[in-house]
Amino acid sequence: MALERTFSIIKPDATRRNLTGAINAMLEEAGLRIIAQRRIRMTRQQAETFYEVHKERPFYGDLVTFMTSGPVVVQVLEGEDAVALNRRVMGATNPEEADEGTIRKTHAESLEANSAHGSDSAENAAIEIAQFFSDDQIVG
Ligand code: GDP
């Protein structure tokens, strides 16, 4: 196992319900360290770029609208095997399929409004981190 970084977003459904601290506690409890964090309102352009991989999918337009519907908290997490660990802590994309005790099982409202994002590979983590943070904003 190696010390790794991943990119995380606390999505608008969670910030609206004042769950930033509750979700951060779950991340930290699992052994992930929040080494950068900023609350922002994503622009349409930022959301479109971020989810570009899904642009042919039928839910793309709704997803971009949702991600720009309220504040989000963008984060860099560090830990052993952080990419896979964060995916485990988040749980399955569809909260109905997520394991008990995961962020999405505990907090998500729906398949779309599922409270958290986490990179799915180390390669994508590096790309996603670079979209929102410069190196000097990350204090490991
Ligand atoms: P993730 O890596 O677990 O976030 O899942 P994906 O990369 O497959 O999807 C990105 C995000 O799009 C998800 O976290 C959901 O917010 C949303 N999403 C995925 N599938 C659907 C869908 O079928 N319908 C809608 N409305 N949103 C979806």
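Every heavy atom of this structure was used, including side-chain atoms; hydrogens, water molecules and symmetry mates were not. Both ligands and their constituent atoms are indexed starting at 1 by order of listing.
In terms of protein heavy-atom proximity, atom 7 (O) of ligand 1 is nearest to H54 NE2, 2.9 Å. In this structure, atom 26 (N) of ligand 1 lies nearest to the protein heavy atom E112 OE2, 3.4 Å. When only non-hydrogen protein atoms are considered, atom 15 (C) of ligand 1 lies nearest to L111 O, 3.3 Å. Looking at atom 3 (O) of ligand 1, its nearest protein heavy atom turns out to be T93 OG1, 2.6 Å. Residue, atom and distance of the protein heavy atom nearest to atom 12 (O) of ligand 1 are L63 CD2, 3.3 Å.
Using a 4.5 Å cut-off on side-chain heavy atoms (C-beta onward), Q37 and N24 make contact. By the 4.5 Å heavy-atom criterion applied to side chains, F7 and F50 are counted as neighbours.
At least one heavy atom of N114 sits under 4.0 Å from some atom of ligand 1. Heavy-atom distances between D120 and ligand 1 stay at or above 4.0 Å for every pair.
Between the side chains of S115 and D13, at least one donor N or O sits under 3.5 Å from an acceptor N or O. Residues Q46 and T49 bring no donor and acceptor atom of their side chains to less than 3.5 Å of each other.
Among the atoms of R87, some N or O lies under 3.5 angstrom from an N or O of ligand 1. Looking at R104 next to ligand 1, an N or O pair under 3.5 Å apart turns up.
Nearest to atom 18 (N) of ligand 1 by heavy atom, out of F59, Y60, F66, is F59.
At a 4.0 Å heavy-atom cut-off, ligand 1 does not touch V53 at all. The residue R57 has no part lying near ligand 1, judged by heavy-atom distances below 4.0 Å.
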